[in-house]
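Data first, discussion second: the structure below is written as structure tokens.
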Amino acid sequence: MTKQHLIETERPLTDLKGVGPQTVLKLNDLGLFTMSDIIMHLPYRYEDETVIDINEATDGDKITVTGEIYSTPRVSYFGRSKSKIMFHMLVDGVAIRVEYFNQPYIKHQVNLGDTATVSGKWQRSKQIIQGTKFSKEVASSENALVPQYSLKGLVKPKQFQKFVHQAFQSTEITPMIPGYLMDKYKLWDLKESLETLHFPRDYHALKQAKRTFAFCELFLFQLKMRMLNQTEHAAGLSVSIDYDIQAVKAFIETLPFELTDAQKKVVNEIFRDIKLPMRMNRLLQGDVGSGKTVVAAIAMYALLTAGYQSALMVPTEILAEQHAESLAGLYGDQVRVALLTSSVKGKRRRILLEQLAAGEIDVIVGTHALIQDEVIFHRLGLVITDEQHRFGVNQRKRLREKGDDANVLFMTATPIPRTLAISVFGEMDVSSIKELPKGRKPIETSWAKHEEMGTVLAQTKQEIAKGRQAYVICPLIEASEKLDVQNAVEIYETFKGHFGERVGLLHGRMSSEEKDEVMEKFSRHELDVLVSTTVVEVGVNVPNATMMIIIDAERFGLSTLHQLRGRVGRSSHQSYCVLISNPSTETGIERMQIMCQTTDGFLLSEKDLEMRGPGDFFGVKQSGLPDFKVANIVEDYRMLEVARDEASEMILSGKIDEPENVWLKKRMLLEVSTLEID
Ligand code: ADP
Ligand code: MG
């Protein structure tokens with residue numbers, strides 16, 4: 001995750017008063033090394049300890065009240081280390097009992113007749129406060145939002161706040177947002193916001209401070225992304241690909257279908273990019289079967305007419321073979337298509353590499369074998385990666401560098417919610433295909449409980465009798481791969497019991513050769529049923545498969561379920577997806593219902609993001625999302641859009657080059673050059 005710096009100061013912690021070497025070490029343990037780190041260590045939550053009138057408190061609420069102690073405390077011990085202290089108080093004319101568990105030391109502070117403030121859970125019917133906090137101070141009924149810090153018990157919160165206070169006094173905080181934006185969006189001064197986040201006056205102030213800070217985070221992130229985009233484009237300044245539009249049109253005419261409007265739009269976007277004298281850096285997203293590969297084929301054909309080679313990189317050998325085959329089918333004899341995987345060895349490999357270097361191959365399809373040093377292109381103009389989540393930024397970069405400033409197109413069948421597309425792929429341009437070719441029969445999705453397995457098996461039998469095939473997916477239960485395999489084996493045995501020998505098994509503990517062999521058998525229809533953990537490769541194409549059975553479906557996120565479902569529905573036969581699940585949570589039930597209601601991948605991905613949060617969507621590491629302290633890209637989505645627009649505007653209008661913003665630009669350029677995306 002990338003760390004965002006909003007403050008310029010780097011003064012050491014030893015400048016703090018009352019901080020000895022011991023405390024410095026503890027603070028270091030918390031990841032805090034400078035004054036600015038202290039200031040940026042924001043509370044993760046606020047407890048409301050505003051004193052209230054007990055007559056107005058609701059049962060079960062966490063409340064804070066002040067009153068007079070009118071009984072001596074009684075401590076009772078039970079078990080080896082458990083204890084309870086109990087005393088009575090008079091609060092707002094009401095006699096209540098206060099109890100603290102396992103805090104016997106409080107006894108020494110509780111004196112008959114004293115006034116005290118207690119916080120805890122209010123049990124109205126029994127007139128008891130289940131105490132969490134005790135103080136002899138009389139708390140005020142204002143200013144009682146108490147920040148909660150993550151300090152791992154190393155430093156006391158009160159002490160930490162003293163450090164924060166000092167850090168503010170000795171630290172210059174530079175505003176990071178240009179003045180005209182602060183005015184336009186009525187933002188607070190950064191220093192004032194930070195102070196409020198640490199020492200909130202009241203809810204209203206806290207809200208304003210959060211708003212300002214979130215905007216700062218989002219704006220700076222977007223500015224960085226926009227600048228990265230610029231440098232990415234600028235890196236390929238010299239290339240303008242002069243394709244032969246007539247030849248491309250003639251090729252499109254030979255396709256056995258008419259392009260959908262969505263495909264036409266995307267083809268035009270790509271063509272505009274490759275004609276421009278800068279490098280294309282584009283993400284193409286669309287559901288499985290929406291026709292991305294065809295778009296890729298047209299783009300590669302255009303490159304060929306301009307005398308350039310293209311490379312298509314996919315995550316697995318099977319996919320590479322399938323793509324090479326279908327491209328050869330689309331192109332006929334006009335295009336020289338080759339396949340490079342690790343199975344291409346010896347003399348065959350040598351010849352292929354020679355042909356590639358000599359420009360005798362137009363389109364090469366392969367796995368990461370394509371990025372090895374021995375692979376040299378004659379004139380590489382376009383690099384396409386399919387299922388780009390599976391490739392790290394570095395792998396993509398290496399392939400791109402094999403051509404001089406080659407254009408890059410990333411294709412993905414996992415629709416990326418708009419929020420994430422903006423934030424994570426802010427440095428790329430995004431094209432979407434949101435329409436399936438005409439005449440597709442939507443997959444029928446149903447939800448069955450485990451006890452209805454008999455019906456599901458009967459339905460599967462019917463499909464197999466019609467000559468179709470079925471996938472059965474068993475989930476990964478992260479706890480242990482061994483258990484997952486065991487689980488898959490059991491399900492495999494069950495299906496064998498019903499369907500005999502024409503059932504195959506695929507799981508994570510098999511070698512890739514073994515996996516390939518089973519996949520091959522399934523795709524040649526030597527197997528009717530394929531039982532698999534989620535290793536079934538994304539995008540694998542077995543059009544004859546019409547049933548997708550997902551066991552314990554509640555364990556998968558919506559996007560994954562949608563991906564899995566996308567493996568059927570690839571022919572003119574009606575396809576089915578059956579979710580087998582006995583969900584125990586509301587969310588689980590909701591997931592099943594949404595899956596049955598819609599096949600719209602974009603809608604599902606938005607829902608998925610909503611239900612799981614951005615971190616889980618790709619896995620935090622892959623997402624490249626910075627570690628926002630206050631901003632939340634789902635909740636603050638509108639603000640994210642505004643921030644993006646303002647960041648673009650600042651660059652396009654040249655405001656970024658005005659004297660008052662020079663320092664901001666410098667700072668951003670520095671961060672862009674050290675940006676880690678994955
Ligand atoms: P994706 O790569 O997005 O999964 P493909 O490009 O492989 O999708 O297309 C899926 C199937 O649909 C292929 O068999 C392809 O030939 C067919 N197809 C693509 N575009 C169209 C279209 N416009 N009309 C009809 N069929 C199409
Ligand atoms: Mg595809």
Side-chain angles (χ1 to χ4, degrees), residues 248-249 251-270 282-302 310-316 318-332 335 337 339 363 365-366 382-391 409-416 430-443 471 523 536-546 548 559-560 562-575 577 599-602 604-605:
V248 176
K249 279 187 175 159
F251 167 64
I252 294 176
E253 285 293 308
T254 68
L255 294 175
F257 42 74
E258 207 199 324
L259 295 181
T260 61
D261 289 345
Q263 283 171 318
K264 284 181 194 159
K265 183 170 141 275
V266 171
V267 167
N268 281 321
E269 284 167 350
I270 294 172
R282 187 171 282 280
L283 175 73
L284 169 56
Q285 51 175 354
D287 259 335
V288 169
S290 60
K292 295 183 297 297
T293 310
V294 174
V295 169
I298 295 170
M300 294 193 288
Y301 190 86
S310 300
L312 173 60
M313 182 157 83
V314 300
T316 67
I318 301 175
L319 270 176
E321 282 162 26
Q322 282 191 351
H323 274 299
E325 224 168 86
S326 65
L327 284 175
L330 284 174
Y331 289 139
V335 181
V337 179
L339 173 70
V363 168
V365 184
L382 173 63
V383 172
I384 302 179
T385 65
D386 199 1
E387 288 317 324
Q388 58 96 31
H389 294 134
R390 302 269 210 107
F391 296 109
L409 179 68
F410 308 104
M411 302 198 297
T412 177
T414 310
I416 296 160
V430 180
S431 294
S432 308
I433 305 185
K434 294 199 176 185
E435 166 191 10
L436 289 182
K438 284 185 206 74
R440 292 276 168 80
K441 290 198 185 82
I443 301 163
Y471 293 99
S523 78
V536 178
E537 301 302 347
V538 183
V540 159
N541 196 21
V542 182
N544 192 48
T546 53
M548 170 58 66
S559 296
T560 312
H562 183 63
Q563 278 287 318
L564 290 169
R565 177 166 63 183
R567 280 167 208 158
V568 295
R570 293 165 171 243
S571 67
S572 54
H573 303 293
Q574 177 62 51
S575 284
C577 173
T599 51
D600 180 338
F602 283 89
L604 286 167
S605 74

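When a ligand or atom number is given, it counts from 1 through the structure's own listing order. Fair warning: this is a prediction, and the values are worked out from it, not measured in the lab.
Residue Ile384 comes nearest to Ala296 through the heavy atom pair CD1-CB, 3.7 Å, listed as atom of the first residue, atom of the second, then distance. Among all heavy-atom pairs drawn from Pro437 and Gly289, the shortest one is CD-O, 3.4 Å.
Residues His562 and Asp287 meet the side-chain proximity criterion, which asks for heavy atoms closer than 4.5 Å. Residues Leu327 and Met300 form a side-chain contact, since some pair of their non-hydrogen atoms from C-beta on lies under 4.5 Å apart.
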Please determine whether side chain to side chain donor-acceptor pair (under 3.5 Å) holds for the pair Thr412 and Gln285, giving the CA-CA distance in whole Å, both sets of side-chain angles, and the decisive distance to 0.1 Å. CA-CA 5 Å; Thr412 177; Gln285 51 175 354; over 6 Å; no
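With atom 8 (O) of ligand 1 as the reference point, the heavy atom nearest to it among Gly291, Pro256, Ala262 is part of Gly291.
The Val294 neighbourhood of ligand 1 comprises atoms 6 (O), 19 (C), with distances under 4.0 Å to a heavy atom of that residue. Of all the atoms in ligand 1, the ones that sit under 4.0 Å from a non-hydrogen atom of Asp287 are 3 (O). Of all atoms in ligand 1, listed by their number and element, those nearer than 4.0 Å to a heavy atom of Thr260 are 23 (N). Numbered from 1 in the order shown, with element, the atoms of ligand 1 that lie under 4.0 Å from a heavy atom of Ser290 read 3 (O), 8 (O).
Heavy atoms of Leu259 found under 4.0 angstrom from ligand 1 belong exclusively to the backbone. No part of Ile433 comes within 4.0 Å of ligand 1, judged by heavy-atom distances. For Glu258, every heavy-atom contact with ligand 1 shorter than 4.0 Å involves the backbone, none the side chain.
The distance criterion of under 3.5 Å between nitrogen or oxygen atoms is not met by Phe257 with respect to ligand 1. Considering both main-chain and side-chain atoms, Pro437 never comes within under 3.5 Å of ligand 1 through any nitrogen or oxygen pair.
Using bins of under 30°, 30° to 60° and over 60° for the plane-to-plane angle, the ring pair Phe251/Tyr331 lands in the tilted bin.
Remark: side-chain polar atoms of Glu269 are not paired, donor with acceptor, to backbone N or O of Ser431 under 3.5 angstrom.
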